[in-house]
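Reviewing the structure listed below.
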Amino acid sequence: MSRFKKRIDSFKWAFNGFKIAFKGEVNLKIHLVAAAIVIALGFLFNIGRYEWLAVLVVIAMVLSAEIFNTAIEHLADFVSVERRPAIKKVKDLAAAAVLLHAIIAAIVGIIVFSPYIIAYLKA
Ligand SMILES: Nc1ncnc2c1ncn2[C@@H]1O[C@H](COP(=O)(O)OP(=O)(O)OP(=O)(O)O)[C@@H](O)[C@H]1O
């Protein structure tokens with residue numbers, strides 16, 4: 001297989017990962033809807049370029065954390081379907097990473113959008 005075809009294929013597998021993640025995971029769909037709402041708000045309030053940077057980075061962070069969490073959950077379920085303390089630890093750690101990202105994203109959202117929302121409500 002040529003190097004070029006290998007590169008193209010690795011993109012294909014990565015997009016397949018998106019398909020697997022977004023088809024099966026309700027949490028990921030919720031994060032995606034939240035991201036769409038935040039992006040729509042960004043356009044609505046015409047936020048600045050650095051505000052866009054902050055918003056897009058935290059959206060990418062949350063979605064990536066959720067995808068990693070999904071991968072870890074699948075791997076954990078493959079390792080053992082029986083209930084095991086080690087599996088619980090691994091799953092809860094991965095979930096904690098998602099929660100941390102979501103909290104930071106919410107704080108960034110408040111910092112970026114609250115001045116616009118306050119100005120809109122005052123107008
Ligand atoms: N195989 C397992 N062994 C031990 N703890 C587990 C295992 N699977 C999940 N848990 C733990 O159970 C709690 C609930 O997990 P989760 O929400 O994934 O549901 P679940 O028990 O896997 O059931 P379901 O997959 O039907 O939602 C979490 O604390 C998780 O870490």
Side-chain angles (χ1 to χ4, degrees):
M1 194 186 298
S2 75
R3 274 190 181 184
F4 181 68
K5 173 138 179 28
K6 261 191 166 172
R7 291 283 79 76
I8 296 287
D9 277 353
S10 61
F11 273 110
K12 265 201 313 208
W13 312 142
F15 277 108
N16 188 44
F18 274 131
K19 256 202 296 194
I20 295 167
F22 288 108
K23 254 191 193 166
E25 289 302 310
V26 176
N27 283 351
L28 207 50
K29 284 180 188 151
I30 293 169
H31 284 306
L32 207 60
V33 170
I37 292 170
V38 167
I39 289 171
L41 283 177
F43 282 113
L44 195 74
F45 290 125
N46 196 20
I47 63 176
R49 60 189 286 182
Y50 292 112
E51 290 168 332
W52 271 120
L53 276 181
V55 164
L56 292 177
V57 166
V58 291
I59 286 174
M61 273 172 37
V62 172
L63 293 179
S64 303
E66 193 62 59
I67 291 170
F68 273 120
N69 181 39
T70 303
I72 288 168
E73 273 180 2
H74 282 291
L75 189 57
D77 289 340
F78 176 74
V79 171
S80 169
V81 282
E82 285 158 39
R83 302 200 75 83
R84 298 202 188 273
I87 298 285
K88 178 172 173 54
K89 217 185 240 184
V90 166
K91 284 192 173 184
D92 289 358
L93 283 169
V98 176
L99 181 63
L100 179 65
H101 284 77
I103 290 170
I104 298 296
I107 293 170
V108 168
I110 291 167
I111 292 170
V112 169
F113 288 106
S114 59
Y116 292 99
I117 291 170
I118 291 167
Y120 177 77
L121 293 177
K122 275 188 182 164

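Worth knowing before you read on, the calculation uses all heavy atoms, side chains too, and leaves out hydrogens, waters and symmetry mates. Numbering starts at 1 and runs along the sequence shown. Since the structure is predicted, the reported quantities are computational estimates derived from the model, not experimental observations.
Summarising the geometry of Ala95 relative to Asn69, their closest heavy-atom pair is N-OD1, 3.6 Å, with the distance given to 0.1 Å. In terms of heavy-atom proximity, Val81 sits nearest to Asp77 at CG1-O, 3.5 Å. Heavy atoms only, all atoms of each residue included: Ile87 and Ala76 are closest at CD1-O, 3.6 Å. Minimum interatomic distance between Ser80 and Glu82 (heavy atoms only, all atoms of both residues): OG-O, 2.9 Å.
Counted within 6.0 Å of CZ on Phe22, heavy atoms from surrounding residues, nucleotides or ligands total more than 12; the atom is thus considered enclosed. Atom NZ of Lys29 has more than 12 neighbouring heavy atoms from other residues, nucleotides or ligands inside a 6.0 Å radius.
For the atom pair CG (Leu93) and NZ (Lys88), the distance works out to 10.5 Å, reported to the nearest 0.5 Å. Summarising the geometry, atom NE2 belonging to His31 is positioned 10.5 Å from atom CD1 belonging to Ile67; distances are rounded to the nearest 0.5 Å. Within the model, atoms NE2 of His74 and CZ of Phe78 stand 13.0 Å from one another, a figure rounded to the nearest 0.5 Å. Within the model, atoms CG of Leu75 and CD1 of Ile72 stand 8.0 Å from one another, a figure rounded to the nearest 0.5 Å.
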Stepwise side chain to side chain contact (heavy atoms under 4.5 Å, CB included) check, Asn27 with Val98:
CA-CA 10 Å; Asn27 283 351; Val98 176; over 6 Å; no

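No chain of hydrophobic side-chain contacts below 4.5 Å, direct or via other Ile, Leu, Val, Met, Phe, Trp or Tyr residues, connects Val58 to Ile107. Hydrophobic clustering of Ile, Leu, Val, Met, Phe, Trp and Tyr side chains at less than 4.5 Å, counting indirect connections, unites Leu63 with Ile39. Under the 4.5 Å side-chain heavy-atom criterion for ILVMFWY residues, a single connected hydrophobic cluster contains both Tyr120 and Val55. Criterion: ILVMFWY side-chain heavy atoms under 4.5 Å apart, direct or through other members. Under it, Leu99 and Ile30 are not part of a common hydrophobic cluster. No single ILVMFWY cluster, assembled from side-chain heavy atoms under 4.5 Å apart, contains both Val62 and Leu100.
Within the 4.5 Å cutoff, no side-chain heavy atoms of Phe68 are placed close to those of His101. Residues Leu41 and Leu44 are in side-chain contact: their nearest non-hydrogen atoms beyond the backbone lie under 4.5 Å apart. A 4.5 Å side-chain heavy-atom check between Glu73 and Lys91 finds at least one atom pair inside the cut-off.
Salt-bridge annotation for Asp9 and Lys12: present, with a side-chain N of the basic residue lying under 4.0 Å from a carboxylate O of the acidic one.
The aromatic rings of Phe45 and Phe113 are tilted relative to each other, their planes meeting at an angle between 30° and 60°.
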